[in-house]
Amino acid sequence: FRSLSTTDEIAPTMLDIGEILVPQPETGSVRMVFQETFVPFQGVSCRVAVAYALANRGMIRRLAGDLDEAHRDMNEALGLARSIGDERAIAHVLGRLGNLATARGAYARARELLEECLTIRQRIGDSRGTGLAQGNLGNLAIAEGDLARARSLLDESAAAFRRRGDMWGY
């Protein structure tokens with residue numbers, strides 16, 4: 001990817017690499033990729049790309065335990081996504097913020113964010129995002145101790161991915 005000629009090509013490619021690495025147990029690699037991704041995104045004219053980069057940097061900060069910095073990045077990303085009206089980006093950031101709220105134990109806020117995320121994903125016909133949002137709501141239900149609701153949501157999430165023909169919705 002470093003052989004790509006423009007910042008507009010490099011930044012999204014690095015973001016994709018970071019997304020692939022997220023499930024890996026070693027977050028240092030993911031953190032490095034997302035931090036490195038953020039630098040070229042600062043030069044990209046596409047504000048949507050910057051919103052995604054900020055949201056993902058916030059996710060890495062959440063995973064590293066820096067919840068305040070994560071919250072700042074994600075709120076900045078949400079403001080940017082809302083200012084340009086990109087519903088896919090808005091939903092992406094809402095999902096990240098919902099997971100952060102879950103990690104902080106702010107379950108009511110998490111539910112509000114994740115339900116808004118799910119509503120947008122369904123409205124725009126994003127089957128992958130719908131499955132992810134249902135899975136995040138399922139994880140919230142687990143955190144709240146509502147295992148019946150968790151199972152229902154996680155079953156819906158799995159069904160959404162199966163309909164797409166793959167395990168992760170990609």
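Position 1 is the first residue of the sequence; numbering continues from there. Quick note: numbers below take in every heavy atom, side chains included, and nothing from hydrogens, waters or symmetry partners.
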Original post:
When rounded to the nearest 0.5 angstrom, what distance separates OG1 in Thr119 from CZ in Arg121?
Top reply: 12.0 Å
Original post:
Do Arg151 and Asp155 have side chains that get closer than 4.5 Å, going by heavy atoms?
Top reply: yes
Subject >> Point-to-point distance, once rounded to the nearest 0.5 Å, from OG1 of Thr102 to CZ of Arg62 >> reply: 8.5 Å
**OP:** Could you grab the distance from atom CE of Met74 to atom CG of Asn56, nearest 0.5 Å is fine?
**Re:** 8.5 Å
Original post:
Which heavy-atom pair separates Ala89 from Val48 by the least distance, and what is that distance?
Top reply: CB-CG1, 4.1 Å
Subject >> Which atom of Ala91 lies closest to which atom of Cys117, heavy atoms considered >> reply: O-SG, 3.2 Å
Original post:
Quick one: do Leu132 and Leu137 end up in the same hydrophobic cluster if we chain Ile, Leu, Val, Met, Phe, Trp and Tyr together by side-chain heavy atoms under 4.5 Å apart?
Top reply: no
Original post:
Taking all atoms of both residues into account, what is the closest heavy-atom pair of Ala77 and Ala51, and its distance?
Top reply: CB-O, 3.3 Å
**OP:** Taking only Lys NZ, Arg NE, NH1 and NH2, and the carboxylate oxygens of Asp or Glu, determine whether Arg57 and Asp66 approach each other closer than 4.0 Å.
**Re:** no
**OP:** Taking all heavy atoms of Ala70 and all of Gly58, pick out the closest pair and write down the distance.
**Re:** CB-O, 3.1 Å
Original post:
From Tyr52 OH over to Arg96 CZ, what is the distance, rounded to the nearest 0.5 angstrom?
Top reply: 10.0 Å
Subject >> In one Ile/Leu/Val/Met/Phe/Trp/Tyr side-chain cluster, 4.5 Å: Leu97, Tyr107 >> reply: no
Original post:
Out of Thr130, Asn136, Leu153, which residue meets the side chain to side chain contact (heavy atoms under 4.5 Å, CB included) rule with Leu118?
Top reply: Thr130
Original post:
Tell me, do Leu114 and Asn99 make a side-chain contact under 4.5 Å, heavy atoms counted?
Top reply: yes
Original post:
Around atom CZ of Arg123, are there more than 12 heavy atoms of other residues, nucleotides or ligands at under 6.0 Å?
Top reply: yes
Original post:
Is there side-chain contact between Glu144 and Arg149, with heavy atoms separated by less than 4.5 Å?
Top reply: no
Original post:
Is Leu140 linked to Leu94 within one hydrophobic cluster, defined over Ile, Leu, Val, Met, Phe, Trp and Tyr using a side-chain heavy-atom separation of less than 4.5 Å?
Top reply: no
Original post:
When rounded to the nearest 0.5 angstrom, what is the spacing between CG in Asp68 and NE2 in His71?
Top reply: 8.5 Å
**OP:** To the nearest 0.5 angstrom, please state how far the CD1 atom of Ile124 sits from the CZ atom of Arg88.
**Re:** 4.0 Å
Subject >> Over all atoms of both residues, closest heavy-atom pair of Gly138 and Ala150 >> reply: O-CB, 3.5 Å
Original post:
Is Leu63 reachable from Leu113 through a run of hydrophobic residues whose side-chain heavy atoms are each under 4.5 Å from the next?
Top reply: yes
Subject >> Test item: Ser83 side-chain N/O and Leu80 main-chain N/O as donor-acceptor pair under 3.5 Å >> reply: yes
